[in-house]
Every structure is written in structure tokens, then in C-alpha cells.
Protein chains: 2
Amino acid sequence: MKDNHSVANETGDKGFHWRGRLWLEGEEGTFLGYGRVVLLERIREFGSISQAAKSMEMSYKHAWDLLESMNRQAGCRLVETCRGGKHGGGATLSPAGVKAIALFRHYHDKFKNMLAELDQKMGKLEWKRPDRELPPA
Amino acid sequence: MKDNHSVANETGDKGFHWRGRLWLEGEEGTFLGYGRVVLLERIREFGSISQAAKSMEMSYKHAWDLLESMNRQAGCRLVETCRGGKHGGGATLSPAGVKAIALFRHYHDKFKNMLAELDQKMGKLEWKRPDRELPPA
DNA sequence: CACCGATATATTTTCTTAAGTATATCGGTG
DNA sequence: CACCGATATACTTAAGAAAATATATCGGTG
């Protein structure tokens with residue numbers, strides 16, 4: 001199973017466990033999701049969209065499309081880019097981009113904690129085959 | 001945007017809102033998710049896999065694949081089927097199927113409540129463009 | 001015993017989405 | 001002023017998932 005940006009609770013046992021996914025939704029669908037925010041974080045780390053995309057094994061085009069979607073919905077640029085120059089160009093986060101990361105991470109952390117609660121409530125393995133729920137009369 | 005089985009909080013305003021998705025994961029990926037459980041509920045309602053699939057605008061094959069996946073992971077049948085007979089055949093939930101619905105719905109309700117808390121914490125629209133975060137010196 | 005409506009299963013087609021490829025552009029630097 | 005590495009954008013290709021199609025099977029019923 002590929003990384004689908006879900007949040008898991010690693011309990012170690014072989015049973016089932018709850019997973020979940022969280023995103024902030026706007027007019028055109030997802031505004032901020034896990035993958036988008038990691039992309040922003042990688043851009044902050046590398047100072048480059050192409051390097052960030054490569055580090056996530058994502059095509060530049062896909063990364064650029066995601067950034068466009070975020071910019072449109074935010075109403076401002078989350079990433080400032082420049083072409084040419086010293087290293088051929090580059091990208092840095094705008095204040096809005098920094099804020100977007102902080103916002104999502106804040107709620108995503110809460111989300112992870114909530115999922116952990118779910119797993120605690122369920123215990124190790126709530127699922128058991130009810131083989132003979134009704135004993136034969 | 002098509003139904004992606006996510007849970008939303010309808011706040012009425014035009015801003016962003018948190019959405020999420022919850023599923024119970026097993027060895028081969030999803031064991032119980034929203035769509036799968038609705039499928040079980042529809043089978044209980046109609047007494048037929050094909051009718052249930054049609055009511056969800058889902059192909060019979062897709063429904064059948066989902067049921068197979070659930071049966072495999074559960075280690076028992078969630079749906080009892082019969083071919084031929086009075087109405088050509090039919091399907092009913094096994095005790096395990098009934099239990100699966102109850103299990104998922106129980107935690108899914110908790111999940112919905114948790115997402116509502118997230119939205120409450122965020123308020124109407126936490127996202128604002130930090131146009132001039134740093135005033136010009 | 002042919003018919004019906006459903007399960008069961010394989011095969012093919014379509015659709016969507018992501019990846020891949022190509023190219024133009026920018027602007028410091030040697 | 002050619003080169004480089006990055007942004008920016010269009011176009012083509014490939015992969016994966018879902019749908020559509022086809023067919024075999026079952027067993028009670030008229």
C-alpha cells in the first residue's frame with residue numbers, strides 16, 4: 001500500500017487499527033492536505049520547487065499544480081519564486097506559506113491525538129468473528 | 001467533487017472547513033470504510049447485492065470485490081448469499097456483518113464529533129492573508 | 001423443463017489521474 | 001554572450017481504477 005497520507009496508530013499487534021485522513025477544504029476541493037503541506041515544508045527546506053518535488057518522488061508539474069491550487073484558494077501566494085539568478089532560480093515560502101504549515105500541523109496534531117484515543121477506546125482487537133452468536137436451539 | 005466518503009461540518013459560511021475520513025485498516029488495506037459499511041447497510045435494506053450496488057450507483061463487480069475483501073479480512077462471511085430460488089437469489093447480513101456495521105458506525109460517530117470540535121476550535125475562518133505581516137520599516 | 005432474477009466471474013472498455021517529455025523563459029555568472 | 005539551473009507551461013504517454021459488458025451458474029416456480 002502506497003503512502004496515502006493517512007494517520008495510523010502503530011500498536012504492534014496483528015489486529016485492525018483505525019486510520020484517518022484530514023484536510024482543509026475550500027471552494028475547489030482540498031486547500032491544505034498532508035501532501036501539500038509536506039511539499040511546502042520541503043520547499044522551505046530546499047529553497048526549490050523542483051528539489052522539493054524530487055525529494056517526494058513527485059513530478060515538478062504535479063507540485064506546481066498543487067501550489068497553483070493553494071495559491072488560488074488562499075488568495076495570495078504561499079510560495080515566492082524567482083527565475084534565473086545565482087542558482088538559476090528558486091522558491092521560498094511567503095509569510096502566508098509559513099502560516100499555512102503552522103495551521104495545518106496544529107490541527108493535524110490534534111487529529112492524530114484523537115485517532116489515538118479511538119484506538120485506545122477500541123482496545124487491542126475488538127473484532128472477533130461471532131461464529132455462533134446464537135447457540136443452536 | 002464526487003462523494004469521497006469524507007465527513008464535513010456544514011458551517012454555512014464561505015470559508016474553509018475541516019474534512020476527514022476514517023477507516024479500519026487490516027492486512028490488505030481497508031477493512032471497513034464508509035462506503036463499505038453503507039454497502040452492507042444497503043444489502044441489509046434490499047436483501048440483494050445487485051440492488052444495493054445499484055442504489056449506490058456502483059457496479060455489481062465493485063460491490064462484490066469489496067465484499068470479498070471484507071470477508072477475507074474478517075475471516076468469515078459478512079454477507080450470506082444464495083443463488084436461484086424464489087427471487088433468483090439474494091443476500092442477507094450474517095451476525096458478523098451486523099456487528100461490522102455497528103462497530104464502524106460507533107467509531108465513525110465519535111470521529112464526526114471530533115471533527116466538529118476541530119471546526120469549533122478553529123472558528124469561522126482562521127485563514128487570513130497575512131498581507132503585510134511585517135510593516136515596512 | 002424452460003424461465004426468471006439473482007449470484008459469481010472473466011474479459012474488455014472507458015475514464016481519470018499522474019507521470020513523462022519537451023520547450024520557452026529568466027537572469028546572475030564566468 | 002553563452003551557460004546554467006531553476007521556473008513556467010503545453011503536450012503526450014502510461015498506469016490504475018472504475019465501469020461496462022459478457023457469460024456461466026444456481027434453484028425455486030409456473
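Side chains included, hydrogens not; waters and symmetry mates left out as well; all remaining heavy atoms used. So you know, we letter chains A, B, ... as the sequences are listed, proteins then strands, and number each from 1.
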message: Strictly distance-based, threshold 3.5 Å: is any side-chain N or O of A:Gln73 a donor or acceptor partner for the main-chain N or O of A:Thr30?
response: yes

message: Strictly below 4.0 Å, N to O, side chains only: are A:Arg105 and A:Asp109 in salt-bridge contact?
response: no

- line: To the nearest 0.5 Å, atom CD of A:Glu68 lies from atom CG of A:Asn71 at 6.0 Å

query: How close or far is atom P of D:dT7 from atom CZ of A:Phe46, stated in whole angstroms?
result: 13 Å

B:Ile43 CD1 - C:dA6 P separation (whole Å): 13 Å

task: Report the distance from atom OH of A:Tyr34 to atom CG of A:Leu22, rounding to the nearest 0.5 Å.
output: 12.0 Å

query: Would you say D:dG5 has OP1 or OP2 under 4.0 Å from some side-chain N or O of A:Ser50?
result: no

task: Go through the steps to decide whether A:Arg42 and A:Val38 satisfy the test side-chain contact (heavy atoms from CB on, under 4.5 Å), and finish with yes or no.
output: CA-CA 6 Å; A:Arg42 296 291 174 90; A:Val38 169; 4.1 Å; yes

- line: Between A:Ser59 and B:Tyr60, the residue closer to the 5' end of DNA chain C by nearest nucleotide is B:Tyr60

Geometric class of the A:Phe16/B:Phe31 ring pair [parallel <30°, tilted 30-60°, perpendicular >60°]: parallel

message: Any non-hydrogen side-chain atom of B:Leu40 less than 4.5 Å from a side-chain atom of B:Met70?
response: yes

field: Between C:dT21 (P) and A:Trp64 (CH2): distance, integer Å
entry: 21 Å

task: Using both pair distances under 3.5 Å as the test, note the stems of at least 3 consecutive Watson-Crick or G-U pairs that include DNA chain D.
output: C:1-30 with D:1-30

- prompt: Reckon B:Thr81 has a side-chain N or O less than 4.0 Å from the OP1 or OP2 of C:dA6?
  reply: no

field: Whole angstrom value for the distance that separates P of C:dT17 from CE of A:Met58
entry: 16 Å

- prompt: What's the closest nucleotide to the B:His62 side chain, out of C:dT7, D:dA19, D:dT7?
  reply: D:dA19

query: Can you tell me how far P of C:dT9 sits from CD1 of B:Ile49, to the nearest Å?
result: 11 Å

query: Is B:Glu28 atom CD crowded by more than 12 heavy atoms from other residues, nucleotides or ligands, each under 6.0 Å away?
result: yes

query: With respect to the side chain of A:Lys86, which nucleotide from C:dA8, C:dT29, D:dA8 is positioned closest?
result: C:dT29

task: Measure from CZ on B:Arg42 to P on C:dA6 and round the result to the nearest Å.
output: 17 Å

- prompt: For A:Lys110, which of B:Met114, B:Lys121, B:Glu117 qualifies under side-chain contact (heavy atoms from CB on, under 4.5 Å)?
  reply: B:Lys121

- request: To the nearest Å, give me how far apart CE (B:Met56) and P (D:dA18) are.
  value: 13 Å

message: Can you measure B:Leu67 atom CG to C:dA8 atom P for me and round it to whole angstrom units?
response: 9 Å

query: Could you walk me through whether B:Ile43 and B:Leu78 pass the side-chain contact (heavy atoms from CB on, under 4.5 Å) check?
result: CA-CA 11 Å; B:Ile43 290 172; B:Leu78 303 190; over 6 Å; no

Restricting to nitrogen or oxygen on both sides, can you table the protein-nucleotides 22-26 of chain D pairs closer than 3.5 Å?
residue : atom : partner : partner atom : Å
D:dC26  : O2   : B:Gly84 : N            : 2.7

Between N or O atoms, less than 3.5 Å apart, protein on one side and nucleotides 10-12 of chain D on the other: list the pairs.
none

query: Hey, quick one: are A:Met58 and A:Phe46 part of the same hydrophobic cluster, counting side-chain heavy atoms closer than 4.5 Å, chains of contacts allowed?
result: no

task: Applying side-chain contact (heavy atoms from CB on, under 4.5 Å), run through B:Ser69 and B:Arg36 and close with a yes or a no.
output: CA-CA 10 Å; B:Ser69 169; B:Arg36 291 166 183 238; 3.1 Å; yes

